[in-house]
Structure formats: C-alpha cells, structure tokens
Amino acid sequence: MQAVWPLASPAEIKGDGERAAEPRREGVRPAQESRLWPGVADRLTGLGRIALLTKDYERAREFHERGRDLAA
C-alpha cells in the first residue's frame, strides 16, 4: 500500500492517466479490507485527480465526493 505514490506519480507526470490510475485502483480494496479509511480516502481522491486531468469531470466528482465523505 505504501508503493502507490511512487508507482503512480511518474505516469501522472507524463500524462498517462490510465497507468497512473492503476496502482490507486488496485490499492482501494486492500485499504478497505484493512479498514485503513484514510488510505481509502487518499486513493479515491487520487483517482479523482487523475479523472480531472483526463477531463472526466463526472468521475472526478464521484471520486472526490466519496473520498470526502469517507474522510469526514
């Protein structure tokens, strides 16, 4: 779970949204199963950021709202 940021960041910097999203998507379930709610919220908002960068505004809103609600 600690490897999400270093795996996703280079792809995000290069503009490869799909490749940047993959480690974050894969990290959601283990974080949920471990009940690491801040980690789940972090991964969801990371997915929201990638959706924003790829101009998928509806998905961006969904991910950010889910992350916000979980963090609250």
Search all heavy atoms of [X] against all heavy atoms of [Y] and return the closest pair with its distance.
X     : Y     : answer
Gly39 : Ala31 : C-CB, 4.3 Å
Val28 : Leu44 : CG2-CD2, 4.4 Å
Gly48 : Ala60 : O-CB, 3.5 Å
Arg25 : Glu18 : NH2-OE2, 2.5 Å

**OP:** Assess whether salt bridge (charged side-chain N to carboxylate O under 4.0 Å, His left out) is satisfied between Glu62 and Arg59, documenting all intermediate values.
**Re:** CA-CA 5 Å; Glu62 291 171 15; Arg59 292 284 291 169; 3.4 Å; yes
**OP:** Spell out, yes or no, whether Leu47 and Trp37 are grouped together once hydrophobic residues are joined by side-chain heavy atoms under 4.5 Å, including indirect joins.
**Re:**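 Linked within one cluster.
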Subject >> Side chain to side chain, Phe63 and Thr45, heavy atoms closer than 4.5 Å >> reply: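 Contact flag for Phe63/Thr45 side chains = no.
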Original post:
Between Arg19 and Glu12, is there a salt bridge with N-O shorter than 4.0 Å?
Top reply: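 Between Arg19 and Glu12 there is no salt bridge, as every charged N stays at least 4.0 Å from the carboxylate O atoms.
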Subject >> Set of side-chain contact (heavy atoms from CB on, under 4.5 Å) partners for Glu26, sequence neighbours left out >> reply: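 side-chain contact (heavy atoms from CB on, under 4.5 Å) check on Glu26 returns Glu22.
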Original post:
So with a 6.0 Å cut-off around CZ of Arg29, is the heavy-atom count from everything else above 12?
Top reply: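 Open.
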**OP:** Any chance you could lay out the side chain to side chain contact (heavy atoms under 4.5 Å, CB included) test for Arg66 and Arg61, step after step, and finish with the verdict?
**Re:** CA-CA 8 Å; Arg66 286 175 55 199; Arg61 177 183 286 269; over 6 Å; no
